[in-house]
Amino acid sequence: MSVTGWLPDLLEGFERRDLPLSALPLEGEPEGPMVATLVRRTRQADPARDERRRAVLYVHGWNDYFFHTHVADFFESRGVTLYALDLRRYGRSFREGQYANYVADLGDYAEELDLAVHEVASRHASVSIMAHSTGGLAAALWASGTGRGRVAGLILNSPWLDLWGPPALAGVLAPLMGGLSRRNPLNVLRVPDSRGLYVKSLHSTERGEWTFDLALKSAIPVPVRVGWARSILQAHAAVAAGLDIRCPVLMGCSAKSSVLSGWAETATNTDIVLDVDKIAARAPKLGQCVTLVRIEGGVHDLTLSAKPARERFFSEISRWLDAYVPEPDGD
């Protein structure tokens with residue numbers, strides 16, 4: 001499928017390109033093409049962009065989009081060009097009237113992952129993926145399935161590989177979500193209201209150090225729909241059964257989780273979104289060559305942690321790149 005040309009991005013020094021998808025609008029959504037969005041530095045901002053032989057594709061998580069210019073800086077310093085993908089109905093790809101963040105099957109993201117990896121691979125000899133949270137879950141499924149053999153490495157940043165709660169919870173929820181989804185997958189679930197604590201812990205106008213668009217990464221809860229919840233449970237079951245990722249995998253997560261009902265300082269130095277012990281326990285299920293690192297003081301998105309924790313994570317990525325995704329041979 002053809003893609004449109006590159007246009008100026010909302011981030012200074014970056015440009016974006018729509019990736020038209022085959023998916024049709026859902027009932028109640030506006031007519032028009034569904035798109036994902038590929039983002040990269042401009043040549044003016046990064047003259048070496050196309051000359052680097054290694055590249056990484058960054059994939060965001062739930063209620064998120066790419067704004068992580070410091071992650072691009074890090075990879076460029078390591079001789080790797082960064083691209084980023086805003087998935088359908090997220091961030092730059094969202095169109096007014098769409099069901100924000102919704103997909104009925106995480107496997108559907110294979111279409112934009114295929115398109116994005118193809119685009120990046122046309123310019124670089126070695127392509128890896130770095131994916132966060134729900135994006136990490138989707139990327140792991142893709143790398144174990146239709147994407148097997150297409151990337152040199154996979155970096156998972158706090159991937160959502162399991163639920164909070166007792167092991168039996170998924171077994172209770174799965175048939176319930178299945179039944180509800182058959183009736184109306186777009187119904188909204190009532191879920192615990194965190195009052196946007198995670199986003200507030202990050203944003204510079206609240207208690208964090210990062211500047212991002214609160215219309216694209218919102219402190220107001222995004223509706224959680226039945227069909228999406230069912231897709232997450234199905235993906236978790238696939239991970240529990242064991243994936244078959246053939247490329248080297250680096251999985252990072254915080255050393256600790258915290259459950260909060262109101263503001264506490266632990267929001268700034270633990271994962272308040274996922275149970276990190278449970279997702280760490282799933283790491284051996286991913287593939288044949290998995291490296292797990294636990295980051296003391298890390299938050300849910302390790303790249304947005306306080307400086308000591310994020311520098312430790314970047315250091316671990318550097319060491320892993322040297323060991324598993326070195327500069328490819330050849331011209």
[X], [atom1] atom: more than 12 neighbouring heavy atoms under 6.0 Å:
X: E31; atom1: CD; value: no
X: R319; atom1: CZ; value: no
X: H118; atom1: NE2; value: no

- Task: Apply the test side-chain contact (heavy atoms from CB on, under 4.5 Å) to residues D86 and E112: give CA-CA distance (whole Å), side-chain angles for both, the deciding distance (0.1 Å), then the verdict.
- Result: CA-CA 9 Å; D86 278 12; E112 49 254 66; over 6 Å; no

Report task. Give the intermediate values and the outcome of salt bridge (Lys or Arg N to Asp or Glu O under 4.0 Å) for residues R123 and E51. Result -> CA-CA 8 Å; R123 291 173 170 79; E51 278 65 60; over 6 Å; no

Between I129 and the options V117, L156, L85, the side-chain contact (heavy atoms from CB on, under 4.5 Å) test singles out V117

To the nearest 0.5 Å, atom OG1 of T42 lies from atom CH2 of W6 at 11.0 Å

Rounded to the nearest 0.5 Å, the CG atom of L10 sits from the CG atom of L216 at a distance of 7.0 Å

Does [X] come within less than 4.0 Å of [Y], counting only side-chain N to carboxylate O?
X: R92; Y: D9; answer: yes
X: E265; Y: R207; answer: no
X: K256; Y: D271; answer: no
X: D114; Y: R150; answer: yes
X: E119; Y: R17; answer: yes
X: E327; Y: R54; answer: yes
X: E316; Y: R294; answer: no

Assess the residue pair T268 and S201 against the criterion (side-chain hydrogen bond (donor to acceptor under 3.5 Å, both in side chains)); give the C-alpha distance rounded to whole Å, side-chain angles, the decisive distance to 0.1 Å, and a yes or no.
CA-CA 6 Å; T268 67; S201 74; over 6 Å; no

[X] side chain to [Y] main-chain N or O, any donor-acceptor pair under 3.5 Å?
X: Q288; Y: D244; value: no
X: S258; Y: T266; value: no
X: D18; Y: P20; value: no
X: T291; Y: L250; value: no
X: D105; Y: S231; value: no
X: S257; Y: V276; value: yes
X: R310; Y: L302; value: no
X: S128; Y: G153; value: yes
X: K285; Y: A240; value: yes
X: H60; Y: S133; value: no

Nearest heavy-atom neighbours spanning [X] and [Y]:
X: V299; Y: S305; answer: N-OG, 2.9 Å
X: L154; Y: A140; answer: CD2-CA, 4.2 Å
X: M34; Y: P25; answer: CE-CA, 4.3 Å
X: S93; Y: V35; answer: CB-O, 3.3 Å
X: F66; Y: A84; answer: CG-CB, 3.3 Å
X: S158; Y: C253; answer: OG-CA, 3.9 Å

Problem set entry | W160 six-ring centre to R282 NZ/CZ under 6.0 Å and within 45° of normal | no

Would you indicate whether the side-chain heavy atoms of [Y] and [X] approach each other to under 4.5 Å?
X: V224; Y: V188; answer: no
X: P223; Y: Y99; answer: no
X: L161; Y: K278; answer: no
X: L163; Y: L233; answer: yes
X: R16; Y: L38; answer: no
X: F313; Y: N157; answer: yes

Centres of the [X] and [Y] rings: under 6.0 Å?
X: H132; Y: W62; answer: no
X: W210; Y: H68; answer: no
X: Y90; Y: Y65; answer: no
X: H124; Y: Y83; answer: yes

> Are F94 and V103 linked, directly or through other ILVMFWY residues, by side chains that come within less than 4.5 angstrom of each other?
Replying inline: no

inquiry  = Please tell me whether V222 and I232 are part of a single hydrophobic cluster in this structure, the criterion being side-chain heavy atoms less than 4.5 Å apart.
reply    = yes

**Chi angles and distances behind the side-chain contact (heavy atoms from CB on, under 4.5 Å) call for I272, H300** = CA-CA 7 Å; I272 64 172; H300 179 50; over 6 Å; no

Under a 3.5 Å cutoff, is there a donor and acceptor pairing between the side chains of T270 and S254? no

(message) We want to know whether N63 and N101 form a side-chain donor-acceptor pair, criterion being a heavy-atom distance below 3.5 angstrom.
(response) no

*asked:* Could you go through R89 and D108, starting from their C-alpha distance and side-chain angles, then the distance that decides it, and tell me whether this counts as salt bridge (Lys or Arg N to Asp or Glu O under 4.0 Å)?
replied: CA-CA 12 Å; R89 299 191 180 95; D108 290 348; over 6 Å; no

TODO: Can you label the angle between the F212 ring and the H203 ring as parallel, tilted or perpendicular, going by 30° and 60°?
DONE: perpendicular

*Dump the intermediate steps for side-chain contact (heavy atoms from CB on, under 4.5 Å) on L26 and E29, then the final yes or no.*
CA-CA 5 Å; L26 296 172; E29 289 189 316; 3.6 Å; yes

Exercise. L286 and M251: side-chain contact (heavy atoms from CB on, under 4.5 Å), yes or no, with the steps?
Worked result: CA-CA 10 Å; L286 294 172; M251 177 175 157; 4.0 Å; yes

Side chain to side chain donor-acceptor pair (under 3.5 Å) pairs touching residues 71-81, sequence neighbours excluded, are R41-D73, R41-E76, R52-T81, R78-S318, R78-D322

